[in-house]
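Have a look at the structure below, then the notes.
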Amino acid sequence: MSTGVVASSPSLKAALTQVGAEVDRRFDVLLAVPDDPRAELYQAMRHAAIGGGKRLRPLLVFATAGLFGVDRECTARAACAIEAVHVYSLIHDDLPAMDNDDMRRGKPTVHRAFNEAAAILAGDSLHALGFEWLADPATHPDPFVRAELVLELARAAGPAGMAGGQMMDLKAESETFDLNTVTRLQAMKTGALISCAVEMGAILGRVAPEGRTGLRGYARDIGLAFQISDDLLDVEGDEEKAGKKLRKDEGAGKETFVSLLGVDRARGQARMLVDQAIDHLRGYGQEADLLRSIARYVLERDR
């Protein structure tokens, strides 16, 4: 199965643009700056959340929910919730105690644009708001659907998911990890929220857990492919296009897919994962074409 470049695909471009604009519009409303001493906190959240970014996780929520005809308002709220949690993780990951980065999404990181205290509180607040938005009846009229959405995002963001993966990533600076450990690390740090985005779309569509097997396989494979692509970008990418500092992992002495496999084998592994992800969608027709395009985009992106 081909994995040719589709970043120029009009449908994918349109979807990326539309979802990016939708998320920004909603964050603009949800994060309106109050006329009180909390103003700087909201300004810091807006700095991180509005503008820039691939919006991959919201797009996956929309693309998956679209398979099942989910109401767009419900989908958009869930998409913003997972993006809020993702943005919180970026703010905290950039802090001096973590990666100590100066740039994110082509602009100064929150602790550089404001200060460390504002960055910590902005991350804390976005994390809390993500769950608040999911739990609100406006997200879905069925409380059991809302509860499952909250549970899924909590699992993906916590010690068995993203936060646990970030801890492993910090340990990778002082310990030597083999390929299996690096794969587990990345499945937690990067893959958990990507898988959660797909799972949330299916939950909104009221798909029973046993009916999500193919979608889970798709999400797992594109999550790993995404991280391999990230590792390749860290070695070969353009910092201006990426909007962040590159070639950090080698400087920190971390093992990555590229350091363990080499560039050619890593790229081949990513292609195999993308083909495998697309094959998981064989039970769907044209309605899953956007998910197929996203899988290829993960492989071919330049930021």
Side-chain angles (χ1 to χ4, degrees), residues 19 22-27 29-32 41-42 45 48-49 53 55-93 120-167 187-213 215-220 222-223 291:
V19 168
E22 176 94 351
V23 169
D24 280 353
R25 181 180 67 80
R26 288 175 179 272
F27 276 147
V29 174
L30 292 164
L31 302 177
L41 170 62
Y42 277 81
M45 286 191 281
R55 305 302 194 194
L56 176 66
R57 291 150 194 84
L59 181 59
L60 283 166
V61 177
F62 274 103
T64 308
L67 296 177
F68 311 109
V70 177
D71 176 76
R72 190 167 183 84
E73 177 67 20
C74 296
T75 305
R77 288 184 62 88
C80 285
I82 195 169
E83 184 68 2
V85 170
H86 174 55
V87 174
Y88 124 76
S89 76
L90 300 180
I91 295 172
H92 283 194
D93 203 36
I120 292 168
L121 292 172
D124 291 346
S125 297
L126 284 166
H127 181 270
L129 284 169
F131 291 99
E132 179 183 329
W133 296 339
L134 284 184
D136 192 309
T139 298
H140 200 282
D142 187 336
F144 293 100
V145 169
R146 299 198 305 272
E148 191 174 1
L149 289 171
V150 168
L151 177 61
E152 194 62 37
L153 184 55
R155 283 174 173 163
M162 180 179 64
Q166 287 176 316
M167 187 72 243
M188 295 167 69
K189 181 185 177 188
T190 302
L193 273 192
I194 288 175
S195 292
C196 180
V198 174
E199 195 86 11
M200 286 169 69
I203 292 168
L204 287 169
R206 298 178 186 266
V207 179
E210 58 270 21
R212 303 174 202 163
T213 303
L215 290 170
R216 285 172 175 164
Y218 164 86
R220 180 188 64 244
I222 67 163
L291 285 172

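As the structure is a prediction and not an experimental result, all values here were calculated from the model.
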Nearest heavy atoms of [X] and [Y], plus distance in Å:
X: Ala65; Y: Thr75; answer: CB-OG1, 3.6 Å
X: Pro159; Y: Ala163; answer: N-CB, 4.3 Å
X: Gly201; Y: Phe68; answer: O-CD1, 4.1 Å
X: Gly161; Y: Ala192; answer: CA-CB, 4.0 Å
X: Cys196; Y: Ala156; answer: CB-CB, 3.6 Å
X: Val19; Y: Pro58; answer: CG1-CB, 3.8 Å

**Prompt:** Between Leu291 and Ile222, is a side-chain contact (heavy atoms from CB on, under 4.5 Å) present by the stated rule, with each step listed?
**Reply:** CA-CA 10 Å; Leu291 285 172; Ile222 67 163; over 6 Å; no
**Request:** To the nearest 0.5 angstrom, please state how far the NZ atom of Lys189 sits from the CE atom of Met167.
**Result:**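 The distance works out to 12.0 Å.
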**Prompt:** When rounded to the nearest 0.5 angstrom, what distance separates OG1 in Thr139 from CE in Met200?
**Reply:**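 Interatomic distance, Thr139 OG1 to Met200 CE, rounded to 0.5 Å: 8.5 Å.
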**Request:** Let me know which of Ile91, Leu121, Leu90 forms a side chain to side chain contact (heavy atoms under 4.5 Å, CB included) with Leu126.
**Result:**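 Filter result, single survivor: Ile91.
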**Message:** Against Ile82, only a single residue in Val87, Ile194, Leu60, Leu193 fulfils side chain to side chain contact (heavy atoms under 4.5 Å, CB included); can you say which?
**Reply:**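 Among Val87, Ile194, Leu60, Leu193, the one meeting side chain to side chain contact (heavy atoms under 4.5 Å, CB included) with Ile82 is Leu193.
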**Asked** Using 30° and 60° as the class limits, which term best fits the ring planes of Tyr88 and His127: parallel, tilted or perpendicular?
**Response**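 Perpendicular: the ring planes of Tyr88 and His127 meet at over 60°.
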**Asked** Hey, mind stepping through Leu31 and Leu129 against side-chain contact (heavy atoms from CB on, under 4.5 Å) and telling me if it holds?
**Response** CA-CA 10 Å; Leu31 302 177; Leu129 284 169; 3.8 Å; yes
**Message:** So that I can tick it off, tell me whether Glu73 and Arg26 are bridged by a salt bridge, with the cut-off set at under 4.0 angstrom between side-chain N and carboxylate O.
**Reply:**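 Yes.
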**Request:** Salt-bridge test for Arg212 and Glu152: reply yes if a basic N is under 4.0 Å from a carboxylate O, no otherwise.
**Result:**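 Salt bridge absent between Arg212 and Glu152.
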Side chains of [X] and [Y]: closer than 4.5 Å at any heavy-atom pair?
X: Met162; Y: Val85; result: yes
X: Asp124; Y: His92; result: yes
X: Leu134; Y: Leu153; result: yes
X: Asp24; Y: Arg55; result: yes

**Asked** Taking it one step at a time, do Leu149 and Arg77 satisfy side-chain contact (heavy atoms from CB on, under 4.5 Å)?
**Response** CA-CA 11 Å; Leu149 289 171; Arg77 288 184 62 88; over 6 Å; no
**Request:** Please step through side-chain contact (heavy atoms from CB on, under 4.5 Å) for the pair Leu215 and Leu67, ending with a clear verdict.
**Result:** CA-CA 11 Å; Leu215 290 170; Leu67 296 177; 4.1 Å; yes
**Request:** Only one of Arg216, Arg155, Arg57 passes salt bridge (Lys or Arg N to Asp or Glu O under 4.0 Å) with Glu199; say which it is.
**Result:**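 When Arg216, Arg155, Arg57 are each tested with Glu199, the salt bridge (Lys or Arg N to Asp or Glu O under 4.0 Å) holds only for Arg216.
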